[in-house]
Amino acid sequence: MVPSYLRLITVAGLLALGACAVTPLAPQKDYAPVAIPDSSPAHSLLESARSARSRGDTGAAGRYLERALGMAGTNEATVLYRELADLRLAEDKPRDAEGLALRALREAPENPEWRAGLWELLATARQRQGNAEGSAAARAEADRLRGEAVSSR
């Protein structure tokens, strides 16, 4: 008969080995959040745009976002283009939304989660234009990027 403390040590050892099997071999990569800092002049305009949109004033929201784009710094433009693309989808202007989503992608940093969200937005814009093939391709890219984001954690 094996003493219970030996069984416990054996189980603990096996659990430790199992934990080693799922530990990633490559270093994890942390991506910086994509946002406009509170200190940026574009931040207050973004907040004004969101407030106007929540009141249903999409025209004012668009004007605030366009003005913010004129003063946007590095990595801020992608946030504003995304917000504007989402606004254009809400206004049922999918062609405009597609162009803005593509612009946001060009400005986007190497952050797979952020980029995946942009590809989803692009997929929705293409779907609303009746471009099923383009929409499917955009969704596939979003899925690929989400997989990349998960594997880098």
Given side chain to side chain contact (heavy atoms under 4.5 Å, CB included), test Glu47 with Ser51 step by step and report yes or no. CA-CA 6 Å; Glu47 291 304 312; Ser51 178; over 6 Å; no
query: Where do Leu65 and Leu45 land on the side chain to side chain contact (heavy atoms under 4.5 Å, CB included) test, with the steps shown first?
result: CA-CA 7 Å; Leu65 290 170; Leu45 289 168; over 6 Å; no
Would Leu69 and Leu84 count as a side chain to side chain contact (heavy atoms under 4.5 Å, CB included) here? Give the steps. CA-CA 10 Å; Leu69 277 166; Leu84 199 49; 4.1 Å; yes
Original post:
Run the side chain to side chain contact (heavy atoms under 4.5 Å, CB included) check on Thr78 and Val34 step by step: do they pass?
Top reply: CA-CA 8 Å; Thr78 188; Val34 182; 3.7 Å; yes
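The closest side-chain heavy-atom distance from Trp114 to Arg82 is below 4.5 Å. With a 4.5 Å cut-off on side-chain heavy atoms, Leu102 and Arg106 count as touching. A 4.5 Å side-chain heavy-atom check between Glu83 and Leu87 finds every atom pair outside the cut-off. Pro109 has its side chain out of reach of Arg115: every pair of non-hydrogen atoms, C-beta onward, lies at least 4.5 Å apart. Under the 4.5 Å side-chain criterion, counting only non-hydrogen atoms from C-beta, Pro94 is in contact with Leu89.
Leu80 and Ala42 get closest at one heavy-atom pair: CD1-CB, 4.3 Å. Scanning both residues, Ala77 and Ala72, for their nearest heavy atoms gives N-CB, 4.0 Å. Counting all heavy atoms, side chain and backbone alike, Ala49 lies closest to Ala61 at O-CB, 3.3 Å. Of all heavy-atom pairs between Glu91 and Gly59, the closest is OE2-N, 4.4 Å. Heavy atoms only, all atoms of each residue included: Arg139 and Glu120 are closest at NH1-OE1, 2.6 Å. Nearest approach of Ala60 to Ala52, heavy atoms of both residues: CB-CB, 4.0 Å.
The cationic group of Arg146 does not satisfy the cation-pi geometry with Trp119, failing either the under 6.0 Å distance to the six-membered ring centre or the 45° limit from the ring axis.
Here the side chain of Arg50 pairs no donor or acceptor atom with the backbone of Leu46 at under 3.5 angstrom. Side-chain atoms of Glu148 never come within 3.5 Å of backbone atoms of Arg144 as a donor-acceptor pair (strictly under, hydrogens ignored).
With salt bridges taken as basic N to acidic carboxylate O contacts below 4.0 Å, none links Glu98 and Arg95. Residues Arg53 and Asp86 are paired through a salt bridge, judged by an N-O separation under 4.0 Å between the basic side chain and the carboxylate. Look at Glu66 and Arg88 and you find a salt bridge, because one of the NZ, NE, NH1 or NH2 atoms lies within 4.0 Å of a carboxylate O, short of that distance. Under 4.0 Å is where a charged nitrogen must lie from a carboxylate oxygen, and between Glu133 and Arg126 no such pair does.
Under the 4.5 Å side-chain heavy-atom criterion for ILVMFWY residues, no single connected hydrophobic cluster contains both Val79 and Tyr64. By the rule that hydrophobic residues join a cluster once side-chain heavy atoms approach within less than 4.5 Å of another member, Tyr81 and Leu118 end up as members of one cluster.
Taking CE from Met71 and OG from Ser44, the interatomic distance works out to 7.5 Å, rounded to the nearest 0.5 Å.
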